[in-house]
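All remarks here apply to the structure that follows.
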Amino acid sequence: MSLLRAHLEKDVLEWWSSEGADDDLGGVHTCFSNRGELLSREKYTWSQGRWAWTCALVAEEIDLGRVSGDSSLWRERSARTAAFLADHAFLPDGRTSFRLDDHGRHLADEKGEYATSVFADLFAVLGLAGAARTSAADPRAWIDQATRTLEQAAVSIRRRTAKSEPYPVPTGFRDLAGPMTLLHVAGELERAAPNESTRRIIDQAHHDLLGDGDTFLGADHWWEFLPDQPSTDDTLLARHVTPGHLLELLWMLVHVSDRSDRITVPDALFTSLALCALETGWDQQEGGLLRYTDREDGGRPVGRLLETPYEALVQRTWDTKLWWVHAEAVYATSLLAQRTASPELASWARRVREYTFATFPDPDGREWIQIRTRDGQPLDDVVALPVKDPMHIARSLLLLNALETPRTTEETPR
């Protein structure tokens with residue numbers, strides 16, 4: 001057994017199986033401290049959707065012989081989490097309640113609101129898609145709910161009415177996370193139930209990312225927040241970038257393009273953008289990838305401030321080292337190095353992997369200590385949600401293990 005597979009099975013999947021999985025009520029507990037202490041039994045819809053999808057992937061990888069375990073257990077976890085979402089998370093208008101209690105009752109925020117993030121909606125769709133793809137039961141109700149919510153999310157993102165608390169997209173900008181998440185989630189729902197709606201959303205997201213005109217990805221640059229007017233190009237919002245986001249998006253584009261006869265991305269563009277993210281984001285002082293950097297000069301993001309909560313986040317946390325950034329980078333660099341045969345990307349893949357596995361795994365086998373300071377020390381902080389994320393690490397390690405492990409049974413294309 002490879003060291004990668006041993007770490008995936010013993011330190012990551014076993015930890016979540018014993019500590020996080022709620023096999024009684026359905027779903028997963030994620031409100032752990034950075035060091036793995038359970039602080040609350042609340043269930044964030046965002047995390048429940050991610051867990052349902054991840055469990056489906058685990059079941060598939062077990063069936064393909066690349067991971068050890070009981071695939072029926074993981075398939076049941078995916079299905080029970082999807083049922084928990086379908087029964088409790090969705091509001092009458094098709095959006096989701098951002099936060100639930102252990103039994104699925106809706107919990108309002110300090111303003112008395114429930115549906116506060118389009119990304120919670122999209123991750124619920126992702127979970128239903130994964131469960132529908134792998135469940136033995138009739139998934140039509142899940143597919144119908146997922147399709148309805150996905151369509152609403154796509155409209156709200158395009159009209160710029162989508163909520164994304166606690167960091168709303170500032171007026172005058174579009175964010176990369178919108179079309180990126182739509183591309184991935186619609187692609188996963190397409191795998192479960194191909195239809196015209198998912199294809200249309202995939203095509204539109206691809207156009208927003210790479211089409212003609214004002215798009216997020218160029219030949220040698222990208223925008224995290226794309227400004228409507230050149231007069232705001234000097235702002236921190238326009239100048240900052242998130243290298244981990246771009247690397248995550250690139251592997252998602254590979255997966256979608258490999259399953260589509262309508263979407264093609266040249267290998268040269270993959271190589272150019274991946275090198276751009278790595279060279280811009282790599283911390284020459286301490287190693288690893290910075291959370292945020294300046295798109296022009298690298299290092300600390302600079303620029304004129306518009307006094308938004310998101311800018312304060314960027315300024316406060318730009319030099320932290322995060323689990324999701326490095327988990328995504330490990331898989332993306334390995335996949336793209338293999339796909340493009342680029343010696344530069346192969347060298348970066350080794351460099352990123354060495355840093356990541358030397359820095360993040362918990363020495364006591366409790367998955368990863370997910371949040372680190374610039375020099376790699378554990379940092380007791382909150383990133384986006386007060387939770388330990390159940391998807392990024394497991395997903396990336398499962399995909400990386402699949403990339404490096406010959407299958408023992410026939411594989412359905414991703």
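What's counted below: heavy atoms across the whole structure, side chains too, no hydrogens, waters or symmetry copies. In this chain, residues are counted from 1 in sequence order.
A salt bridge does not link K111 to D109: none of the charged nitrogens lies less than 4.0 Å from a carboxylate oxygen. Between R239 and D297 there is a salt bridge, since at least one side-chain N of the basic residue sits less than 4.0 Å from a carboxylate O of the acidic one. Using a cut-off of 4.0 Å between Lys/Arg side-chain N and Asp/Glu carboxylate O, R5 and E9 are scored as salt-bridged. Comment: D23 does not engage R80 in a salt bridge, judged by the lack of any side-chain N to carboxylate O separation of less than 4.0 angstrom. Contact check on R41 versus D101 returns no salt bridge, with no Lys/Arg side-chain nitrogen under 4.0 Å from an Asp/Glu carboxylate oxygen. In summary, R35 and D364 do not engage in a salt bridge, as defined by a charged side-chain N under 4.0 Å from a carboxylate O. Ion pairing between D70 and R77 fails under the 4.0 Å rule for side-chain N and carboxylate O. Between K163 and E113 there is a salt bridge, since a side-chain N of the basic residue sits under 4.0 Å from a carboxylate O of the acidic one. The existence of a salt bridge linking D258 and R339 is confirmed by a sub-4.0 Å separation between a basic side-chain nitrogen and an acidic carboxylate oxygen. Between R353 and E404 there is a salt bridge, since a side-chain N of the basic residue sits under 4.0 Å from a carboxylate O of the acidic one.
Looking at Q370, its side chain does come within 3.5 Å of a backbone N or O of D389 through a donor-acceptor pair. H240 contributes a side-chain N or O that, together with a main-chain N or O of L237, makes up a donor-acceptor pair within less than 3.5 Å. With hydrogens and angles disregarded, no donor-acceptor distance shorter than 3.5 Å links the side chain of E19 to the backbone of E14.
Here the two rings, on H29 and W16, have centers that are 6.0 Å apart or farther. Aromatic rings from Y44 and F98 are positioned such that their centres are separated by under 6.0 Å.
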message = Please evaluate residues F216 and W223 with respect to the criterion ring pair (Phe, Tyr, Trp, His ring centres under 6.0 Å), reporting the C-alpha separation (whole Å), side-chain torsions for both, the decisive distance (0.1 Å), and the verdict.
response = CA-CA 5 Å; F216 286 91; W223 299 89; 8.7 Å; no
message = Test ring pair (Phe, Tyr, Trp, His ring centres under 6.0 Å) on Y292 and W318; report intermediate values, then the result.
response = CA-CA 5 Å; Y292 302 114; W318 72 274; 9.5 Å; no
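Other residues, nucleotides and ligands contribute only 12 or fewer heavy atoms inside 6.0 Å of the CD atom of E354.
For the 3.5 Å distance criterion, the side chains of E328 and H392 qualify, holding a donor opposite an acceptor. Side-chain contact, D63 with S71: a donor N or O sits under 3.5 Å from an acceptor N or O.
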